[in-house]
Amino acid sequence: MSIDLLPAVRPARVSWNKGRIVGQKRPLLPRHVWSIRVRLEMAGNARDLALFNMAIDSKLRGCDLVALRVRDVFAAGHVKERASMIQSKTGKPVRFEITDTTRQSLDRWIRNPEMIGLEFLWPSRIHGSAHLSTRQYARIVRGWVMSLGLEPSAYGTHSMRRTKVAQIYKKTGNLRAVQLLLGHTKMDSTVRYLGVDIEDALSLSEAIDL
């Protein structure tokens with residue numbers, strides 16, 4: 001048989017997600033939050049500590065978090081207790097709280113000599129870029145996760161967005177509150193985002209004894 005008639009042998013390609021955990025990213029647990037926070041404080045990393053705390057409190061998408069400006073969170077010489085931002089995905093405003101721990105870390109970062117005269121809260125260290133990119137932010141989050149020995153493919157920037165609302169839902173079962181905090185326009189989006197299922201509903205129902 002002529003070699004030309006033989007079927008071509010193609011080398012087996014390794015799947016891009018081989019060995020990775022794909023799908024919805026996990027939220028951080030409270031112990032993870034405190035561990036990362038302590039590591040950043042001990043390292044004296046003012047920017048990353050403020051970025052981490054703000055990511056947890058604001059529950060913003062990565063693209064909105066990196067685009068925050070100093071004036072969005074700082075006025076009259078003080079960090080605001082509450083702030084708002086227009087979401088790039090929906091074009092609608094979302095409000096968020098800034099807790100005392102986050103306010104302290106933001107205040108230290110904003111008053112850092114590195115920040116004098118700058119407009120964006122997370123300036124890029126790459127020439128030609130006004131602020132941190134979502135890709136740079138994703139690499140930073142990956143570093144935080146790996147510092148705890150966690151599987152990096154199981155976590156991402158959406159882990160930061162989901163962390164606080166996952167605890168709010170766990171403790172209160174209030175989907176409407178979570179919807180407002182995430183800035184979702186539809187409840188279905190919130191249900192899918194949290195991964196709510198019949199077991200969650202039954203657990204909430206079992207806790208109510210009439």
Side-chain angles (χ1 to χ4, degrees), residues 12-43 45 47-68 87-90 94 96-97 99 101-102 105 122 124 131-175 177-184 186-204:
R13 295 182 63 185
V14 178
S15 174
W16 69 270
N17 60 359
K18 181 177 176 60
R20 297 184 180 184
I21 299 174
V22 295
Q24 199 171 57
K25 301 302 183 183
R26 299 173 185 168
L28 295 174
L29 298 177
R31 67 174 183 273
H32 298 150
V33 173
W34 285 104
S35 293
I36 292 173
R37 192 172 280 156
V38 167
R39 281 171 167 79
L40 293 174
E41 287 177 346
M42 291 179 65
N45 193 332
R47 185 200 68 170
D48 281 16
L49 179 60
L51 177 62
F52 176 76
N53 286 336
M54 196 63 188
I56 297 293
D57 269 359
S58 70
K59 303 163 286 289
L60 290 171
R61 295 179 181 88
C63 56
D64 294 327
L65 179 68
V66 297
L68 279 172
Q87 300 173 95
S88 59
K89 183 176 180 178
T90 65
V94 63
F96 52 88
E97 77 287 357
T99 60
T101 297
T102 302
S105 59
W122 321 114
S124 175
H131 60 73
L132 205 65
S133 70
T134 52
R135 183 170 292 184
Q136 288 172 305
Y137 173 49
R139 284 199 294 266
I140 292 171
V141 171
R142 181 182 175 86
W144 294 337
V145 170
M146 292 181 68
S147 73
L148 300 182
L150 299 174
E151 170 53 53
S153 63
Y155 300 85
T157 57
H158 266 279
S159 297
M160 310 303 296
R161 178 164 158 79
R162 295 182 66 207
T163 292
K164 197 166 188 176
V165 292
Q167 291 300 314
I168 291 171
Y169 176 70
K170 181 179 179 181
K171 292 178 180 179
T172 68
N174 192 330
L175 275 174
V178 172
Q179 180 191 9
L180 292 171
L181 291 169
L182 290 172
H184 285 163
K186 297 180 180 179
M187 184 66 77
D188 286 351
S189 300
T190 307
V191 170
R192 288 194 302 271
Y193 200 79
L194 289 176
V196 178
D197 56 22
I198 187 62
E199 289 301 321
D200 294 311
L202 288 172
S203 296
L204 290 172

For the student: nearest non-hydrogen atoms of Q167 and P30, plus distance: NE2-CD, 3.6 Å

Closest non-hydrogen contact found for Y137 with A55 is OH-CB, 3.5 Å

Taking [X] for its side chain and [Y] for its backbone only, find out whether a donor-acceptor pair lies under 3.5 Å.
X: R37; Y: N53; value: no
X: Q87; Y: K89; value: no
X: R61; Y: H158; value: no
X: S88; Y: D64; value: no

Nearest 0.5 angstrom please: [X] [atom1] to [Y] [atom2], how far?
X: T90; Y: K186; atom1: OG1; atom2: NZ; answer: 12.5 Å
X: R47; Y: S105; atom1: CZ; atom2: OG; answer: 13.5 Å
X: Y169; Y: L181; atom1: OH; atom2: CG; answer: 14.5 Å
X: L65; Y: T157; atom1: CG; atom2: OG1; answer: 9.5 Å
X: L51; Y: L132; atom1: CG; atom2: CG; answer: 6.5 Å
X: S153; Y: R142; atom1: OG; atom2: CZ; answer: 8.0 Å

L60 vs F96, test: side chain to side chain contact (heavy atoms under 4.5 Å, CB included). Steps then yes/no. CA-CA 9 Å; L60 290 171; F96 52 88; 4.1 Å; yes

Polar side chain donor-acceptor pair, T102 to T99, under 3.5 angstrom: yes

Checking F52 now: which residues fulfil ring pair (Phe, Tyr, Trp, His ring centres under 6.0 Å) with it, not counting sequence neighbours? W144

What do the steps show when you test V178 against H184 for side chain to side chain contact (heavy atoms under 4.5 Å, CB included), and what is the final call? CA-CA 9 Å; V178 172; H184 285 163; over 6 Å; no

Would M160 and Y155 count as a side chain to side chain contact (heavy atoms under 4.5 Å, CB included) if you check the C-alpha gap in whole Å, the side-chain angles of each, and the deciding distance to 0.1 Å? CA-CA 9 Å; M160 310 303 296; Y155 300 85; over 6 Å; no

Can you find a pair of side-chain heavy atoms, one from L148 and one from R39, that are under 4.5 Å apart? yes

Can you confirm whether N45 sits close enough to L49 that some side-chain heavy atom of one is under 4.5 Å from a side-chain heavy atom of the other? no

Could you check L28 against I36 for side chain to side chain contact (heavy atoms under 4.5 Å, CB included), going step by step and ending with a plain yes or no? CA-CA 10 Å; L28 295 174; I36 292 173; 4.1 Å; yes

Side chain to side chain contact (heavy atoms under 4.5 Å, CB included) filter on S124, not counting sequence neighbours, yields I126, S129, Q136

Tell me every residue that passes salt bridge (Lys or Arg N to Asp or Glu O under 4.0 Å) with E97, counting only those two or more places apart in sequence or in another chain. K59, K164

